[in-house]
Amino acid sequence: MKPKRITISAASQHVGETVSIPGWLYNLRKSGKIAFPLLRDGTGIMQCVAVKSALPEPVFDAIKDLTQESSVIFTGKIRADERAPGGYEMDVENVEVVQRVPEADPYPITPKEHGVDFLMDHRHLWLRSQRQHAILGVRHEVIRAVRDYFDSNGFTLVDTPIFTPAACEGTTTLFEVNYFEDEKAYLAQSGQLYNEATAAAFGKVYCFGPTFRAEKSKTRRHLTEFWMVEPEMAYAALEDVKQVAEEMIVFVVGRVLEKRRAELKLLERDVSKLEAIQAPFPRMSYDDAVKFLQSKGSEIQWGGDFGGADETLLSQEHDRPLMVDGYPSSVKAFYMQPNPERPEVAMCVDVLAPEGYGEVIGGGQRIHDYDLLLRRIGEHHLPKDAFEWYLDLRRFGTVPHGGFGMGIERCVAWLCGLEHVRETIAFPRMLYRLRP
RNA sequence: UCCUCAGUAGCUCAAUGGUAGAGCAUUCGGCUGUUAACCGAAGGGUUGUAGGUUCGAGUCCUACCUGAGGAGCCA
């Protein structure tokens, strides 16, 4: 009878059984008459034990000559053992070598140290490493939690287009696409304007997908292609937006702590920092933030946007995300609702993650008044024609509404405690990095 | 676009202007409980590119290329 195929993650349920596990050779330690191949299968890593005296000679020879990342199917009996890294190991009885990596051209990523450039050039292989595997596991959990949160709170997923005409947010940072006849198209940098349309159809909506920024930004928190989740709610004010943002973050962090302890441990993440993420989040006005920053030596003046160092200073002050509201309208997008009592500030909020991670969420209340929106489009020198459909939303049953966008990569970088967002997506796209 | 730093073996890094080196990886040998295993040996180099200074350049100078960190920019 052919042994049952299992995954390494299921090994604990098969103690005492002879099973087969298909995977790749992660590493091999050997002495003369015993070998310890480490098998990786995507669900985990298992130490196997091959004893020369217990195996036919060709089988033992095949195992001791295996090269790193060769694809193999090991067959043997599962046994609990404290000496094994995962707690269980396999006494190998047979091996099927699917492909042996030739030693003339060995697997380039060794268990030793490598530089950033080398690893990024080998990103397609680097993904097999434990650390990268753990990060992408957390990313998957974040995405699933985000969707679960919105799905179970009355939001409908209505995805928005990637190709967009003209400028939605301003013209400086868009990727141009030459394809549509007589007209240039651009890659979306936000789904928000479309969300406002679908919110008037469904009440509460969200979109989730890739967005594109053509900025010449070269920092640890920027990608040219990144994923963003954007909820939008009709009949909602700034306070409702803050409420949802806070609830969603607490939910996502809780889910990652619940499901991805092993990954966080491998990443050596201080989970006590994440366990502190509970509602309510501290809130601060832009006015107070500027005063605070000035007291810390920042050169920021009222009216300016925060620099990276400013965000870091602010977010290091608290053990949970900080919500900053009331930025000057002049530094925010044209559709931001001004505060009726202080028209120079917008009814917007940025959520700054703690530990210096900075902005993970930006959002606010949108202008719902037709005349005001029309005036703002003019002030920002935007083409009115292109926004006729958007103005329609104010002609036909306009209501106060708002929402926010959360960058998935920044969120994952924060939860994993990473230096750079480039490790939070399988194939990062950056200013100087298009391959692999 | 600007500032700073770096580029030497497949990888990570040494080398006072004077013979180009180590660890890992690879190959060979040894080892029955290894944990980035260990021990011994071997092979492996147009020092990013192009010029220049010098008796002599990996090292100093100029330009360029590539990358990293940062700034600006940033829904």
Side-chain angles (χ1 to χ4, degrees), chain A residues 26-38 45 47-55 60 64-65 67-69 81-86 89 91 101-122 126 129-131 160 164 167-170 172-174 187-195 207 211-224 226-230 232 304-309 311-312 327 331-336 348 350 358-364 366 403-407 410 419-420 422 430-433:
Chain A
Y26 193 73
N27 198 2
L28 176 65
R29 291 183 280 268
K30 64 188 171 188
S31 56
K33 289 165 184 157
I34 187 168
F36 299 94
L38 287 179
I45 291 180
Q47 172 161 293
C48 303
V49 186
V51 178
K52 183 171 187 177
S53 59
L55 289 170
F60 185 77
K64 83 171 170 50
D65 286 337
T67 45
Q68 197 188 353
E69 286 300 323
D81 195 310
E82 285 180 2
R83 292 168 295 186
E89 60 184 23
D91 287 319
V101 175
E103 47 273 282
D105 187 16
Y107 186 71
I109 301 177
T110 68
K112 288 280 181 175
E113 289 168 22
H114 299 282
V116 171
D117 188 35
F118 177 81
L119 289 170
M120 291 303 293
D121 282 343
H122 294 84
W126 190 21
S129 303
Q130 289 190 83
R131 194 181 152 77
T160 52
T164 57
C168 279
E169 307 271 340
T172 55
T173 62
L174 294 164
L187 299 183
Q189 57 178 359
S190 164
Q192 187 215 303
L193 302 190
Y194 298 95
N195 270 346
C207 66
T211 47
F212 307 87
R213 295 286 206 71
E215 275 126 23
K216 301 289 185 194
S217 299
K218 188 172 152 10
T219 81
R220 63 187 65 200
R221 45 174 76 147
H222 284 91
L223 297 169
T224 53
F226 66 99
W227 286 64
M228 188 155 66
V229 60
E230 295 174 277
E232 189 74 24
D305 209 348
F306 300 140
E311 277 189 13
T312 302
Y327 286 71
V331 301
K332 288 292 173 183
F334 72 94
Y335 50 71
M336 284 291 187
C348 64
D350 278 5
E359 182 184 351
V360 289
I361 282 180
R366 329 299 187 188
F404 63 84
M406 180 175 79
R410 287 184 181 180
E419 278 290 301
H420 201 298
R422 66 186 158 216
M430 294 175 289
L431 185 50
Y432 297 116
R433 175 90 41 195

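Each chain gets a letter, A, B and so on, in the order its sequence line appears, and its residues count up from 1.
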Point to revise | Nucleotide nearest E359(A) (side chain, heavy atoms from C-beta), chosen from U32(B), U12(B), A75(B) | key: A75(B)

Check your understanding: So, K30(A) side chain and K64(A) main chain: donor-acceptor pair closer than 3.5 Å or not?
Key -> yes

Revision key, fill the gap. Separation of C74(B) atom P from Q192(A) atom CD, nearest Å, is 17 Å

Check your understanding: With rounding to whole Å, what would you report as the distance between G18(B) and U26(B) at their P atoms?
Key -> 35 Å

**Study point:** N/O donor-acceptor pair under 3.5 Å between R366(A) side chain and G403(A) backbone
**Key:** yes

Point to revise | G48(B) versus U54(B) - spacing of their C1' atoms, nearest Å | key: 23 Å

Review point. Between C207(A) and T160(A), which heavy-atom pair has the shortest distance, and what is it?
Key: SG-OG1, 3.7 Å

Check your understanding: Roughly how far apart, to the nearest Å, are C24(B) and C65(B) at atom C1'?
Key -> 29 Å

Check your understanding: If pairing requires Watson-Crick or G-U wobble contacts with both distances under 3.5 Å, which nucleotide is the partner of U66(B)?
Key -> A6(B)

Check your understanding: Checking all strands, does D105(A) fall into the base, sugar-phosphate, or nothing category for heavy-atom contacts under 4.0 angstrom?
Key -> nothing

Study note, to complete from the structure: Contacts of I45(A) meeting side chain to side chain contact (heavy atoms under 4.5 Å, CB included) (sequence neighbours excluded), chain-then-number -> Y26(A), L38(A), R40(A), Q130(A)

Practice item. Please measure how far the C1' atom in G72(B) lies from the corresponding atom in U4(B), and state the result in whole Å. Key: 15 Å

Point to revise | Centroid-centroid under 6.0 Å between F306(A) and Y327(A) rings | key: yes

Review point. Looking at residues at least two apart in the chain, or sitting in another chain, which of them share a salt bridge (Lys or Arg N to Asp or Glu O under 4.0 Å) with D65(A)?
Key: none

Check your understanding: Can you name the nearest heavy-atom pair linking E89(A) to A84(A), along with the distance?
Key -> OE1-CB, 3.6 Å

Review point. Using purine N1 to pyrimidine N3 plus N6-O4 or O6-N4 for Watson-Crick, or N1-O2 and O6-N3 for G-U wobble, each under 3.5 Å, what pairs with G56(B)?
Key: none

Review point. Rounding to a whole Å, what distance do you find between F118(A):CZ and G10(B):P?
Key: 11 Å

Review point. Roughly, in whole Å, what's the span from CG in D121(A) to P in G7(B)?
Key: 17 Å

**Study point:** Assigned partner base of A71(B), Watson-Crick or wobble definition, under 3.5 Å
**Key:** U1(B)

**Study point:** Identity of whatever pairs with A41(B) - Watson-Crick or G-U, under 3.5 angstrom
**Key:** U27(B)

Exercise for review: Tell which nucleotide pairs with G17(B), taking only Watson-Crick or G-U wobble pairs whose two distances are both under 3.5 angstrom.
Suggested key: none

Practice item. Could you check whether P85(A) gets within reach of a base, just the sugar-phosphate, or nothing at all, counting any heavy atom under 4.0 Å? Key: base

Check your understanding: Nearest-Å distance, CD1 (I34(A)) to C1' (C31(B))?
Key -> 11 Å

Point to revise | Whole-angstrom distance between A75(B) and C60(B), as gauged at atom C1' | key: 49 Å

**Study point:** Basic-acidic side-chain contact under 4.0 Å: R221(A), E311(A)
**Key:** yes

Exercise for review: Measure from the side chain of S53(A), starting at C-beta and using heavy atoms only, and say which of G33(B), U32(B), U12(B) lies closest.
Suggested key: U32(B)

Review point. Mind checking what makes salt bridge (Lys or Arg N to Asp or Glu O under 4.0 Å) contact with E230(A), not counting sequence neighbours?
Key: none

Exercise for review: Whole angstrom is fine here: how far is it from CG in L187(A) over to C1' in A75(B)?
Suggested key: 15 Å

Pairs: protein N or O with nucleotides 23-29 of chain B N or O, under 3.5 Å:
{"from": "U27(B)", "atom 1": "OP1", "to": "E103(A)", "atom 2": "OE1", "distance (Å)": "2.8"}

Check your understanding: Expressed in whole Å, how much space separates the P atoms belonging to U12(B) and G67(B)?
Key -> 15 Å

Check your understanding: Do side-chain atoms of S190(A) reach the backbone of Q192(A) as a donor and acceptor pair under 3.5 angstrom?
Key -> yes

Review point. On a whole-Å scale, what distance lies between the P atoms belonging to A36(B) and A42(B)?
Key: 28 Å

Review point. So what's U47(B) paired with, Watson-Crick or G-U wobble, going by both distances under 3.5 Å?
Key: none

Point to revise | Gap between atoms CG and P, on D305(A) and C73(B) respectively (whole Å) | key: 9 Å

Review point. The side chain of Y335(A) lies closest to which of these nucleotides: U32(B), A75(B), U12(B)?
Key: A75(B)

Check your understanding: Would you find a donor on one side and an acceptor on the other, under 3.5 Å apart, between the side chain of R213(A) and the backbone of L223(A)?
Key -> no

Review point. For K52(A), which contact category applies under a 4.0 Å heavy-atom criterion: base, sugar-phosphate, or nothing?
Key: nothing

Study note, to complete from the structure: Whole-Å distance, R83(A) CZ to U32(B) C1', equals 11 Å

Exercise for review: Take D91(A) and G405(A), find for each the nucleotide of RNA chain B with the closest heavy atom, and name the residue whose nucleotide sits nearer the 5' end.
Suggested key: D91(A)

Review point. Which letters describe nucleotides 67-72 of chain B, given B = protein heavy atom under 4.0 Å from base, S = only from sugar-phosphate, - = neither?
Key: SBBBBB

Practice item. Look at all strands and tell whether Q47(A) reaches a base, only sugar-phosphate, or nothing, counting heavy atoms closer than 4.0 Å. Key: base

**Study point:** Residue whose closest nucleotide on RNA chain B lies nearer the 5' end, E89(A) versus G407(A)
**Key:** E89(A)

Point to revise | Atom P, compared across G10(B) and G44(B): separation rounded to whole Å | key: 12 Å

Check your understanding: Looking at residues at least two apart in the chain, or sitting in another chain, which of them share a side chain to side chain contact (heavy atoms under 4.5 Å, CB included) with H114(A)?
Key -> I109(A), T110(A), F118(A), L119(A)

Review point. To the nearest angstrom, how far is F306(A) atom CZ from C74(B) atom P?
Key: 15 Å

Review point. Base, sugar-phosphate, or nothing: which does F36(A) touch, judged by heavy atoms less than 4.0 Å apart?
Key: base

